[in-house]
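Since the structure comes first, as structure tokens, the remarks are kept for the end.
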Amino acid sequence: MQEFKDYLESCNLVQAPKSGIQFSWCNNRVGKKRILRDLDKAFFNIQWLEKYEGWSYKVNARGTSDHGALLGGVVNIAKPKNIPFKYQPVWTTHPEFIKLIQESWEEECNGNPAFSFICKLKRLKNILKKWNWEVFGDLRIKVKTTEEKVLAASLESDEDPENIELLNKLVTARAEHDLASQQYNELMRMKSRIQWFKECGANTAFFHSTMRIRKAYNNISELEDT
């Protein structure tokens, strides 16, 4: 341990600010055999902090792995404005989607065929926007909400590792998060322009990391231009 500390000092590395769950590792045992430790950490140097002011990392709730993922980022990156509306194939998984399209398209629009077609498209666009938020739901928010539930359940279970009821609550929260994540992964797969990503292939953490890094660089470039 002393050699590791000397190495960090020689490289001028410091531990980054941390949030999320307290223990990043668990042996996934039950009762008295359950062990929790804070094993995973992130470090940076002054140059990194100067370039990405406010950078920190979050310890995500543990899933099937015994380690919680560490996700780093800058909290003060502005969200892009004027995001265009796009059709999402994942909407077709909802049982009421086709009926919604039919009901909207059957409503009359006065005018010549070209004008009527454009009018129906614009109307359908507004209907889908509202339906996406109110019925289908924002998958990104669903994933975040279920992740927060897993985080809360993890904290409660970590405080009392031998409590079976709290552990069952954690398992239920993980199942809800996995379902939302599967839908979100499908959405991300459709949005991805990475050519090497094979159809129906397994989604990986590396894929999502690539998407986050690319998004972060795009947002940073927009801030520099302004």
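Only heavy atoms go into these numbers, but all of them, side chains included; no hydrogens, no water, no symmetry mates. Along the sequence shown, the residues carry numbers beginning at 1.
E162 is listed as a side-chain neighbour of K32, based on a closest heavy-atom distance under 4.5 Å. Side-chain contact between V59 and F23 is absent, with no heavy atoms from C-beta onward closer than 4.5 Å. Residues L100 and L124 fail the side-chain proximity criterion, which asks for heavy atoms closer than 4.5 Å. Counting heavy atoms from C-beta on, the side chains of D178 and T146 never come closer than 4.5 Å. Side-chain atoms of S157 and K169, non-hydrogen and from C-beta on, never get closer than 4.5 Å to each other. Here the side chains of D38 and S24 are in contact, with some heavy-atom distance below 4.5 Å. L70 has its side chain out of reach of K58: every pair of non-hydrogen atoms, C-beta onward, lies at least 4.5 Å apart.
Remark: S10 OG to E3 CD distance equals 11.5 Å, nearest 0.5 Å. Rounding to the nearest 0.5 angstrom, the gap separating the CG atom in L36 from the CD atom in E159 is 9.5 Å. Note that OG of S104 is 13.5 Å distant from NZ of K125, once rounded to the nearest 0.5 Å. Distance CG/L151 to CG/D158: 9.5 Å, rounded to 0.5 Å. Once rounded to the nearest 0.5 Å, the distance linking CE of M1 with CG of D6 reads 11.0 Å. Atom-to-atom distance recorded for W48:CH2 and L13:CG is 12.0 Å, nearest 0.5 angstrom.
Linking ILVMFWY residues whenever their side-chain heavy atoms come closer than 4.5 Å, directly or via other members, leaves L121 and F115 in distinct clusters. Each of I164 and V171 belongs to its own hydrophobic cluster when Ile, Leu, Val, Met, Phe, Trp and Tyr are linked at side-chain heavy-atom distances under 4.5 angstrom. No continuous path of hydrophobic side-chain contacts links Y57 to W25 [ILVMFWY only; heavy atoms under 4.5 Å].
Sparse packing is recorded around CZ of R29, with 12 or fewer heavy atoms of other residues, nucleotides or ligands lying under 6.0 Å away. Around atom NZ of K18, more than 12 heavy atoms belonging to other residues, nucleotides or ligands sit under 6.0 Å away. Counting heavy-atom neighbours within 6.0 Å of F43 CZ, excluding the residue itself, gives a total above 12. Surrounding NZ of K41 are more than 12 heavy atoms belonging to other residues, nucleotides or ligands, all under 6.0 Å away.
Minimum interatomic distance between P17 and W55 (heavy atoms only, all atoms of both residues): CD-O, 3.8 Å. Scanning both residues, R123 and E107, for their nearest heavy atoms gives NH2-O, 2.8 Å. Considering all non-hydrogen atoms of both residues, L155 and Q22 come closest at CD2-N, 4.1 Å. Counting all heavy atoms, side chain and backbone alike, I35 lies closest to R37 at CG2-NH1, 3.6 Å. Closest approach of C109 to K120, counting heavy atoms only: SG-CG, 3.9 Å.
A side-chain donor-acceptor contact under 3.5 Å links N27 to the backbone of K33. Proximity of a side-chain donor or acceptor of S154 to a complementary backbone N or O of V150 within less than 3.5 Å is detected.
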| Can F44 and V14 be said to form a side-chain contact (heavy atoms from CB on, under 4.5 Å), step by step? | CA-CA 6 Å; F44 55 28; V14 295; 3.3 Å; yes
| request: Determine, step by step, whether K51 and Q47 satisfy the side-chain contact (heavy atoms from CB on, under 4.5 Å) criterion, reporting the C-alpha distance in whole Å, the side-chain angles of both residues, the deciding distance to 0.1 Å, and the verdict. | output: CA-CA 6 Å; K51 186 173 181 62; Q47 289 76 12; over 6 Å; no
| From CA spacing to verdict: side-chain contact (heavy atoms from CB on, under 4.5 Å), N60, L71 | CA-CA 7 Å; N60 272 15; L71 300 180; 3.2 Å; yes
| task | Might you work through the side-chain contact (heavy atoms from CB on, under 4.5 Å) test for L167 and R34, ending with a clear yes or no? | result | CA-CA 11 Å; L167 184 59; R34 190 172 179 84; 3.8 Å; yes
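Relative orientation of the W105 and F117 rings is perpendicular, given thresholds of 30° and 60° on the angle between their planes.
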